[in-house]
Visitor: 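Please find one structure pasted underneath; my questions will follow.
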Amino acid sequence: MLGIKLICVGKIKEKFYTDAVNEYAKRLSAYCKLECVELAETRLSDNPSDKEITSALDKEAADIERAIPAGAYVVALCVGEKQLKSEELAEKINSLALAGKAKICFIIGGSFGMAESVKRRADMRLGMSEMTFPHHLARVMLAEQIYRSFKIIEGSRYHK
């Protein structure tokens with residue numbers, strides 16, 4: 001069974017976000033093994049300098065790199081990158097599975113994004129929207145889109 005791992009910087013505190021992610025994880029259990037890993041977001045001062053931000057992103061990058069499974073296809077969710085339609089994401093997931101990829105890993109950075117080293121490590125950079133969303137909501141949206149992808153692949157009416 002295909003494994004999908006979400007690596008997320010920052011911990012969800014709000015129960016409604018956790019409940020939503022858990023609901024999609026339950027739905028996805030019929031299609032893949034979903035794993036969600038929360039990494040600690042580095043605390044910064046109220047008005048951090050560029051140097052502080054870079055240092056924090058580098059620390060988080062080291063944690064992210066350790067969490068990426070060997071051989072995984074890595075997708076970094078990045079602001080300003082190419083966006084896909086739901087059908088295109090479904091096609092990508094399906095083609096990776098058919099090509100024998102056992103693990104797909106999606107990375108969601110924290111409040112200040114993610115280090116360039118993580119973006120360079122990724123096999124694909126994916127934008128979610130031109131609008132800004134809290135990274136906790138992005139996790140719910142990504143889980144829903146992964147579920148939608150599997151429903152598209154199976155030809156279900158869910159997508160309509």
Side-chain angles (χ1 to χ4, degrees), residues 1-13 17-42 53-54 56-129 132-154 158-159:
M1 179 175 277
L2 178 66
I4 296 185
K5 185 173 189 176
L6 308 183
I7 299 174
C8 309
V9 177
K11 299 198 184 286
I12 293 182
K13 296 176 185 118
Y17 286 137
T18 304
D19 289 347
V21 171
N22 288 340
E23 175 61 27
Y24 286 112
K26 184 174 85 178
R27 292 180 186 191
L28 280 164
S29 66
Y31 304 99
C32 67
K33 182 181 182 309
L34 181 71
E35 178 185 5
C36 188
V37 174
E38 292 183 328
L39 304 174
E41 186 169 18
T42 305
I53 293 169
T54 300
L57 292 178
D58 288 344
K59 182 196 174 303
E60 292 169 2
D63 293 340
I64 290 168
E65 289 288 339
R66 281 191 292 275
I68 296 172
Y73 185 88
V74 178
V75 180
L77 274 69
C78 305
V79 173
E81 293 294 334
K82 182 181 190 287
Q83 299 170 31
L84 297 179
K85 294 178 182 174
S86 297
E87 297 88 351
E88 293 170 319
L89 180 61
E91 185 179 312
K92 184 67 176 176
I93 289 172
N94 195 40
S95 69
L96 289 168
L98 291 173
K101 276 291 177 189
K103 192 74 104 162
I104 303 172
C105 185
F106 291 88
I107 302 171
I108 300 175
S111 302
F112 289 94
M114 66 182 74
E116 281 301 316
S117 62
V118 175
K119 294 177 187 179
R120 283 191 305 270
R121 161 64 178 85
D123 297 296
M124 176 183 183
R125 295 182 189 187
L126 178 63
M128 287 192 82
S129 173
T132 303
F133 296 102
H135 55 274
H136 301 323
L137 180 56
R139 192 179 314 183
V140 175
M141 293 166 59
L142 176 60
E144 191 282 335
Q145 283 298 299
I146 294 168
Y147 176 69
R148 181 176 296 272
S149 291
F150 282 105
K151 298 307 275 184
I152 290 169
I153 292 164
E154 80 174 6
Y158 175 85
H159 179 59

Visitor: What donor-acceptor contacts under 3.5 angstrom involve side-chain atoms of residues 27-35, with partners at least two apart or in another chain?
Guide:
residue: R27; atom: NE; partner: E23; partner atom: OE2; Å: 3.0
residue: S29; atom: OG; partner: K26; partner atom: O; Å: 2.7
residue: Y31; atom: OH; partner: K151; partner atom: NZ; Å: 3.0
residue: Y31; atom: OH; partner: E154; partner atom: OE1; Å: 3.1
residue: Y31; atom: OH; partner: E154; partner atom: OE2; Å: 3.1

Visitor: Is any side-chain heavy atom of R139 less than 4.5 Å from a side-chain heavy atom of L142?
Guide: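 Heavy-atom side-chain distance check fails, nothing below 4.5 Å.
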Visitor: Atom CD in E60, atom CG in L39: separation rounded to 0.5 Å?
Guide: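 One gets 8.5 Å once the value is rounded to the nearest 0.5 Å.
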Visitor: Say you draw a straight line from CE of M141 to CE of M128; how long is it, rounded to the nearest 0.5 Å?
Guide: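 Separation between the atoms: 4.0 Å.
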Visitor: Rounded to the nearest 0.5 Å, what's the gap from OG1 on T132 to CG on L137? Could you check?
Guide: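 The OG1 atom of T132 sits 11.5 Å away from the CG atom of L137.
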Visitor: Name every donor-acceptor pair, under 3.5 Å, that has one atom in a side chain of residues 98-119 and the other anywhere in the protein, sequence neighbours excluded.
Guide:
residue: K101; atom: NZ; partner: G71; partner atom: O; Å: 3.0
residue: S111; atom: OG; partner: E41; partner atom: OE2; Å: 3.0
residue: E116; atom: OE2; partner: K119; partner atom: NZ; Å: 3.4

Visitor: Looking at T18, is its backbone amide N or carbonyl O close enough to the side chain of N22 to form a donor-acceptor pair, meaning the two atoms are under 3.5 Å apart?
Guide: yes
Visitor: What heavy-atom pair brings E88 and Q83 nearest, and what distance separates the two atoms?
Guide: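 The pair with the smallest heavy-atom distance is OE1-O, 4.4 Å.
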Visitor: How far does CD1 of I146 sit from CG of L89, to the nearest 0.5 angstrom?
Guide: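 It is 7.0 Å, given to the nearest 0.5 Å.
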Visitor: Using side-chain hydrogen bond (donor to acceptor under 3.5 Å, both in side chains) as the criterion, list what pairs up with Q145, not counting sequence neighbours.
Guide: S86
Visitor: Measure the acute angle between the ring planes of Y158 and Y147, then classify it against the limits of 30° and 60° as parallel, tilted or perpendicular.
Guide: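 Correct class here is perpendicular.
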Visitor: Mind checking the CG-CG spacing from L126 to L84? Nearest 0.5 Å is all I need.
Guide: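 The CG atom of L84 is 5.0 Å from CG of L126, to the nearest 0.5 Å.
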Visitor: Could you pull out the closest heavy-atom pair between V9 and I64, with the gap in Å?
Guide: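 It is CG2-CD1, 3.8 Å.
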Visitor: Got a second to check how far R125's CZ is from C78's SG, nearest 0.5 Å?
Guide: 5.5 Å
Visitor: What pair of heavy atoms forms the shortest contact from I12 to Y17, and how long is it?
Guide: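 The pair with the smallest heavy-atom distance is CG2-CB, 3.5 Å.
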Visitor: Report yes if the side chains of R148 and E144 come closer than 4.5 Å at any heavy-atom pair, otherwise no.
Guide: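 Contact flag for R148/E144 side chains = yes.
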Visitor: Please assess R121 against I68 for the test side chain to side chain contact (heavy atoms under 4.5 Å, CB included), listing each intermediate value before the final yes or no.
Guide: CA-CA 10 Å; R121 161 64 178 85; I68 296 172; 3.4 Å; yes
